[in-house]
Amino acid sequence: MPLPQRINEILSSPAIGTHIQVTGWLRSCRNSKEISFLDLNDGSGLTGLQVVADKTLPNYESEIQNLSTACAITVHGLLQESPAKGQAVELLATTIEIVGWSNPALYPLQKKRHSLEFLRTLPHLRGRTNSLSAMMRIRNCLSFAVHRFFQHHAFQQLHTPIITTSDCEGAGEMFTVTSLDLDNLPKTAEGQVSFAEDFFSQHASLTVSGQLEAEAYALAVGPVYTFGPTFRAENSHTSRHLAEFWMVEPEIPFCDLTLDMEIAEEMMQFLVAAVIEECPDDIDFFSRFVDKKLAMRLEVMARPFHHITYSDAINQLQQTTTKFNYPINWGVDLQSEHEKFLTDEIFKGPVIVTDYPKNIKPFYMRCNDDGKTVAAMDILAPSIGEIIGGSQREERLTPLEQRMAECHVSRQEYDWYLDLRRFGSVPHAGFGLGFERMVLLMTGLGNIRDVIPFPRTPGGVAR
RNA sequence: UCCUCGGUAGCUCAGCUGGUAGAGCAGGUGGCUGUUAACCACCUUGUCGGGGGUUCGAAUCCCUCCCGAGGAGCCA
C-alpha cells in the first residue's frame, strides 16, 4: 500500500542517509532568522521527528517561518544523524509542502500541558495530545489483543444486536429506541404509549448486554465472544461509568465456573502482556506523568489471581478492625469500600470473588447445591474495582423457571431463552469485561471519560 | 439521585476580615545560524458561571439555578 512511512517506524530503525517522505502535524516550531526546527508528529508515537528547515528552501520566508502548532505538512528530506543533543536523528528538509494551515490565535491547544478536564471540552482535538494519543494506542492494542486471544483459542466473534427487545439483567435503565412522533404519541385505551404502532411493533431499547444472544450461539457453534458497545441509561455520575461503553463477553459451552475463571484470568494476563510488549513507550509515559504505581500494578497482574468465596470474604471483612461506612452482613452485596479493602489491603492484587448469594444476582446464574448461592464470579482489580463479572449459567430448565418466577422475569418474553434449555442444553458459562475499565487499568488514568475517544455520560455529549 | 469541593484572561491559578482585577504560560510584533516545554525585549486580553438580594459600594456576604471535579449508590 502506498501509505507514507510512519514516524515511529522511521525512528525505530532509521535509514540514515536516505531520502524519505513524512507527513504529520506540527507540535511546535522554533524559528530563528535562517533556520527553523519543526517538531513533527503523526500520532504513531510520543516522540516526533525533528524537521530542520533552512533558508535555502524556496518557501522559507513566505511560508515556513509562518508555520505554527497544528499545521499539517508533507516533508521530503534527508534522514541524518542530529548534530545537537535531544534526538538521535532528524530530517533535513529538501521540500516542505504546507497541506493545511492553522491559525495559532484560534487553535485551542498550546504546546504546554493541559488539564484532562479542559481536554474533555475538546473531544475532537484532544487526540492530538500525548495523553490521549497514548491512550488511543493502548486502547487499540488492547482491542486487537482481545481478538487475537479469542481467535487463537478458536472462539468465533458473534455480532449481537444493538437494538433489542429484551432486558438482559432485569435491572438497569435502558434507552428506548423509537420512531414515534414524540409530540403526538399514540396511546392505548389505558393511556399508555402504544408501542404496537412503533417501528418494531413493540417496545425496543439499546442493548445492555449481548450475553443472552451469545448463549444462543454458544449452544450452536461453540465458544463465541462479543465485543461491542452497550448502553446504560442510569444516572450515575462517576469517574467509572459511561452511558455508552464497550464490553467483551465470551460465552463457552461445556464449561463450568472453574474453567470460566481460568479463561478470564488468562485473557486478562494476555491483554496486559500484549500492551507491555507493544506499547512500552506509552506505558512509560503514563508511569511517569499519570500514575507512578502503574508498572508495579501491572507486574502484580501477571501473578496468579487470588480466589475467595463471597462467604469467606464476608468473614474476613468482619474480622478486620477497620471501620466501614456500610455494615457487612451475609446476603448484602459488597460495597466499593469492601472491594477496595480486599484488593488493596488483604490481597494486594486482583481477587476473584465467587459464589455470591443468589438474591443479589440475576436469574440466569446457576444455583449451587447449598440452595443459597450461585456460581458467580467477579474479578476485582486494584484501584478499579469490579472489572469482570461472570457466571456459570443455569442450564437446567426447572431451576431456571423457578428463578425466573422469583425474579419476576416474563416467561413469555424469555420463552426463546428457555428453548435453549429444552433442546440440547449443556453446562455453559461466560463473563463480561468492561473494556474501558481495562484501559483504565493499563493507563493509570483516573477518569473513564479519558479512555474512550468520545465519551457519552448523563448530562451531556460534548461532540 | 445524595454528600463534599470548585467556577476569575485562550490555559493554570492568586486576589486576606467587602473599597470596582493580577501573575505565569499561550497569542501578537521585533531580535537571534542548531533549537529541545528554545531564548531576549515590548504589546494585547476579562459581562470574576447566570439570575436575584444585602450594602454608599460585591470577584469577595446571602439566596437560587447552571456547569465541572472527587466520593457514594448502581454497575462493567
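Per chain, numbering begins at 1; letters A, B, ... match sequence-line order.
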For nucleotides 40-45 of chain B, tabulate all protein N/O to nucleotide N/O atom pairs closer than 3.5 Å, reporting atom names and distance.
none

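- Counting to the nearest Å, the C1' atom of B/rG73 and the NE2 atom of A/H338 are 13 Å from each other.
- Note on A/S239: a side-chain N or O is less than 4.0 Å away from OP1 or OP2 of B/rG71.
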Distances under 3.5 Å only, N/O to N/O: pair up the protein atoms with those of nucleotides 9-11 of chain B.
from, atom 1, to, atom 2, distance (Å)
B/rG10, N2, A/Q110, OE1, 2.8

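- The shortest distance between the side-chain N/O atoms of A/S336 and the OP1/OP2 oxygens of B/rG73 is below 4.0 Å.
- Contact annotation: A/K33 side-chain N/O to B/rC32 OP1/OP2 distance is under 4.0 Å.
- Rounded to an integer number of Å, the gap from CE of A/M267 to C1' of B/rA76 is 12 Å.
- Under 3.5 Å, the side chain of A/E117 and the base of B/rU12 form no donor-acceptor pair of N or O atoms.
- Of all nucleotides present, only B/rG31 satisfies the Watson-Crick or G-U wobble test against B/rC39, with each distance under 3.5 Å.
- In this model, a side-chain donor or acceptor of A/R437 finds a partner on the base of B/rC75 within 3.5 Å.
- Ring stacking is absent between A/F435 and B/rA76, as the pair misses the limits of under 5.5 Å between centres and under 30 degrees between planes.
- For the pair A/E436 CD and B/rC75 C1', the interatomic distance rounds to 14 Å; values are reported in whole Å.
- Rounded to the nearest 0.5 angstrom, A/L242 CG and A/F231 CZ are separated by 11.5 Å.
- Listed pair A/N130 / B/rA37 fails the phosphate criterion, with no side-chain N or O lying under 4.0 Å from OP1 or OP2.
- The phosphate of B/rC74 (OP1 or OP2) has a side-chain N or O of A/Q335 nearer than 4.0 angstrom.
- Note on ring orientation: taking the six-membered ring where Trp is involved, the planes of A/H147 and A/F227 are tilted (angle from 30° to 60°).
- Taking atom C1' on both B/rG10 and B/rU44, the two are 12 Å apart, rounded to the nearest angstrom.
- Residue A/R240 places none of its side-chain N or O atoms closer than 4.0 Å to OP1 or OP2 of B/rC74.
- In this entry the distance linking CD of A/E173 with C1' of B/rU1 reads 12 Å, nearest Å.
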